[in-house]
Number of protein chains: 2
Amino acid sequence: MNISDAAQTCQLTTKALRHYESVGLVVPERRPNGYREYGAQQLKDLSFLAHSRAMGFSLEECRQLLELYRNPGRASADVKKLAQQKLSQLDAQLEQLHMLRDSLTQWVDHCPGDASPTCPIIQRLSETDAART
Amino acid sequence: MNISDAAQTCQLTTKALRHYESVGLVVPERRPNGYREYGAQQLKDLSFLAHSRAMGFSLEECRQLLELYRNPGRASADVKKLAQQKLSQLDAQLEQLHMLRDSLTQWVDHCPGDASPTCPIIQRLSETDAART
DNA sequence: TGTTGACCTTGACGTTAGGGCAGGGTCAAG
DNA sequence: CTTGACCCTGCCCTAACGTCAAGGTCAACA
């Protein structure tokens, strides 16, 4: 299967597929004319990759997941560990973003939003250092 | 004030300050020897920038905020609009991350985490396309 | 047979917001 | 006069591709 068909099948772009090959994640065969030939196994790997990426895993994390996916002798504990790591990252990120959102929401609520220059948002951002809400 | 003192004062790095200058955000004077000289206004701008960055605004968004900050004739409505845009982005990102976290949490909960290769996480990631939780 | 248009190849550069390093100039203290 | 702590510019690096350019290949159609 050609690269663009493989890409469409797996909901990816041709550029992504070339990238995955360049970093050694999914390496297709080559036909005599130099065209990439994606086989059934590659297509499965690419789908797995696409789903892993969609779940927020980085390419390096995907590399580890893919290794486990390909290894029938894997231990589910290893998979779980990777997932839990990602979960921790997600939680940390969520906490951070929540705080930003809460602050920003308050600031927006207190901003008149009219033609006057007085604005609590600007004031907060310019405060040298003090108790900030 | 020298660049490293300015950086320390504003909780930034010298590299960041040089970067902000290179993109025209905060441009200090130069002394005869070529050293950057950060004045009171630059320090205020940099603090404002640091706080804006910490609130999740991109440098381009910071550029607009800085423009409003510097302009005494600004309308708070313009500031509010930028903040609301950022808020929308944050909400969208939070929603996305929440969904990821919820799915991942379920998958982790259902993974035995032992030495067996059977793992719902791997299974979910390799499903060609079906109803996924 | 020739030619077009759609596909494929590689390679280089752009993106964000700086980090890190190399090579070299400047300054203040001892 | 030297040493160490600064400062300067410029280049390459990050993640995960997107975009563009120049050129090779292929299948169909006149």
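Letters A, B, ... are given to chains in the order of the sequence lines, protein chains preceding strands, and every chain is numbered from 1.
- Note on Arg53(A): a side-chain N or O is less than 4.0 Å away from OP1 or OP2 of dC17(D).
- At dG24(D), none of the side-chain N or O atoms of Arg31(A) fall inside 4.0 Å of OP1 or OP2 (strictly under the cut-off).
- Going from atom CG of Leu17(B) over to atom P of dC7(D) covers 11 Å, rounded to whole Å.
- For the pair Met1(B) CE and dC7(D) P, the interatomic distance rounds to 12 Å; values are reported in whole Å.
- At the heavy-atom level, Thr14(A) lies nowhere under 4.0 Å from the strands shown.
- Across dT25(D), dT9(D), dA12(C), the shortest atom-to-atom separation from the side chain of Lys15(A) is found for dA12(C).
- The residue among Tyr35(B) and Phe57(B) whose nearest nucleotide of DNA chain C is located toward the 5' end is Phe57(B).
- The side chain of Arg18(B) contributes no N or O atom lying less than 4.0 Å from OP1 or OP2 of dG18(C).
- Counting heavy atoms from C-beta outward, Thr9(B) and Tyr38(B) have side chains that stay 4.5 Å or more apart.
- Annotation: side-chain hydrogen bond (donor to acceptor under 3.5 Å, both in side chains) contacts involving residues 75-84 of chain B, sequence neighbours excluded, comprise Asp114(A)-Ser76(B).
- Nucleotide dC6(D) holds its C1' atom 13 Å from the CD atom of Gln8(B), rounded to whole Å.
- If you take CD of Glu21(B) and P of dA17(C), they are 18 Å apart, rounded to a whole angstrom.
- Nucleotide dT14(D) holds its P atom 18 Å from the NE2 atom of His19(B), rounded to whole Å.
- Atom CD of Glu37(B) is separated from atom C1' of dC7(D) by 13 Å (rounded to the nearest Å).
- Considering only side-chain atoms of Ala16(B), the nucleotide from dG18(C), dC6(D), dT9(C) that sits closest is dG18(C).
- Here Arg36(B) does not reach the OP1 or OP2 of dC7(D): none of its side-chain N or O atoms lies under 4.0 Å away.
- Between Cys10(B) and Ser47(B), some side-chain heavy-atom pair lies under the 4.5 Å cut-off.
- Taking only side-chain nitrogens and oxygens, Tyr20(A) comes nearer than 4.0 Å to OP1 or OP2 of dC17(D).
- Phosphate proximity of dG18(C) to Thr13(B): absent, as no side-chain N or O sits under 4.0 Å from OP1 or OP2.
- Contact between the side-chain N/O atoms of Asn33(A) and the OP1/OP2 oxygens of dC8(C) is not found at any separation under 4.0 Å.
- For the pair Ser58(B) and dT16(C), the criterion of a side-chain N or O lying under 4.0 Å from OP1 or OP2 is not met.
- What separates CG of Leu46(A) from P of dC17(D) is a distance of 12 Å, to the nearest Å.
- Ring pair His98(B)/His98(A) is perpendicular by interplanar angle, where above 60° counts as perpendicular and below 30° as parallel.
- If you take CG of Leu25(B) and C1' of dA17(C), they are 11 Å apart, rounded to a whole angstrom.
- A donor-acceptor pair shorter than 3.5 Å cannot be found between the side chains of Gln41(B) and Lys44(B).
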